[in-house]
Amino acid sequence: MRKISVCFALSAMTVLMSLSCAKIPGNAGDKLLCCLKASADAGKIMYGHQDDLCYGHAWCVEDPANDPLERSDVKEVCGKYPAVLGLELGEIELGGEKSLDAVPFELIRRSALKQVERGGVVTFSWHPRNPLTGDSAWDVSSDKVVASILEGGENHAKFEGWLQILGDFFDTLRDVDGKLIPFIFRPWHEHTGSWFWWGRDLCSTKQYVALWRLTYDYMVNERGFDNILWCYSPDMTVDAGGYMERYPGDDIIDILGLDGYTYTDFEGGMEASCKHFQGLMAKTLKYLTKLGRKRGKVIALTETGLEGFDYPTWWTEVLYPVIKDYPIAYVLTWRNAWDKPGHFFGPWKGFKYENDFKKFAELEQIVLL
Ligand code: BMA
């Protein structure tokens, strides 16, 4: 288990810059965890955006190997890069060049390195294909998938091969000195719902925990990666008991995360949807704060947003009031898909409510790069 008490003295200002600070003892993972903890303890919340350096609302990087990675929808609106960069590795397990969102893995790799070079934090999600049917991560047609990849299952060797490919990619995430960069890894998320093949109705608690431990064991014990922080992130529609029901264990989890969106199709309209989101979020963040304190874990809002922003002040009047009093290390909004015009969860230059994001980004408590 990682020790994070040593970083209590860090001031908020040094949080991001200290990622490379030799003074923090421990390995790269310990250092990153210290920074997240120190930031949260200082009352700061880092802002994160998914895929921010790879593409934006109406653009995408066209030369993955050489682009300087200076463009960012967030920066174009508020003048700063997000402090946390989310990146998605779905379909890396197939061995191809591009992710399920058609982003080249070389671009993903370079973006991660650039983010760390700028003093920021990187978090990876992974929506691998359904290993039993070959369909997407959202294929929930069978409740035998997790069982099939665990030890003794017919797809165990295949899944081990997938982990190997993922591990090989992780091994390329090295800075100019050849050192592995620290990052957060957040697999098997939103398992409290049943929309992914590893979801609640698709496997037992024992199988879900075994899936986590298999993943962790491979990366940490077999491959020796000590630069990864492991993040558990259920969906927000559960109570504290539901949140912990399938918890893989304090010995392998570093961050208690949470995914929760404002619904666009809520009965009663957008005003009611925002209220509903705030109610659920407040309730959930309250118990998450307690859990984090009790278990000595960093907490974070690992995915959120309002797709398409049909609400002028979502950032300052819906999101901010409900997160400001909780010690979350960061809040990450999902991607602005360049090829799906209505699928955006972050700001972009020219959007009618961009100023609301700007106000949010200028708040003293919110950290960007
Ligand atoms: C989902 C959507 C999909 C995307 C997936 C993985 O929430 O944004 O379009 O493929 O995340 O990034």
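All heavy atoms count here, side chains included; hydrogens, waters and symmetry mates do not. Position 1 is the first residue of the sequence; numbering continues from there. Note that ligands are numbered from 1 as they come in the structure, with each ligand's atoms numbered from 1 the same way.
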Heteroatom distance test (Trp138, ligand 1): nitrogen or oxygen, under 3.5 angstrom: no
Parallel, tilted or perpendicular, as decided by the 30° and 60° cut-offs, for the rings of Trp314 and Phe309: perpendicular
Closest approach of any protein heavy atom to atom 7 (O) of ligand 1, naming residue and atom: Trp334 NE1, 3.1 Å
N or O pair under 3.5 Å between Asp101 and ligand 1: yes
Charged tip of Arg223 within 45° of Tyr218 ring normal and under 6.0 Å: no
Any N or O of Arg335 closer than 3.5 Å to N or O of ligand 1: yes
Pair Phe277 and Tyr263, ring centroids less than 6.0 Å apart: no
Near-ring test Tyr208/Trp198, centroid separation under 6.0 angstrom: no
Test item, His343 contacting ligand 1 (heavy atom, 4.0 angstrom): yes
Tyr353 and Phe351 aromatic ring geometry - parallel, tilted or perpendicular at 30°/60° bounds: perpendicular
Atoms of ligand 1, numbered as shown, that sit under 4.0 Å from any heavy atom of Lys340: 9 (O)
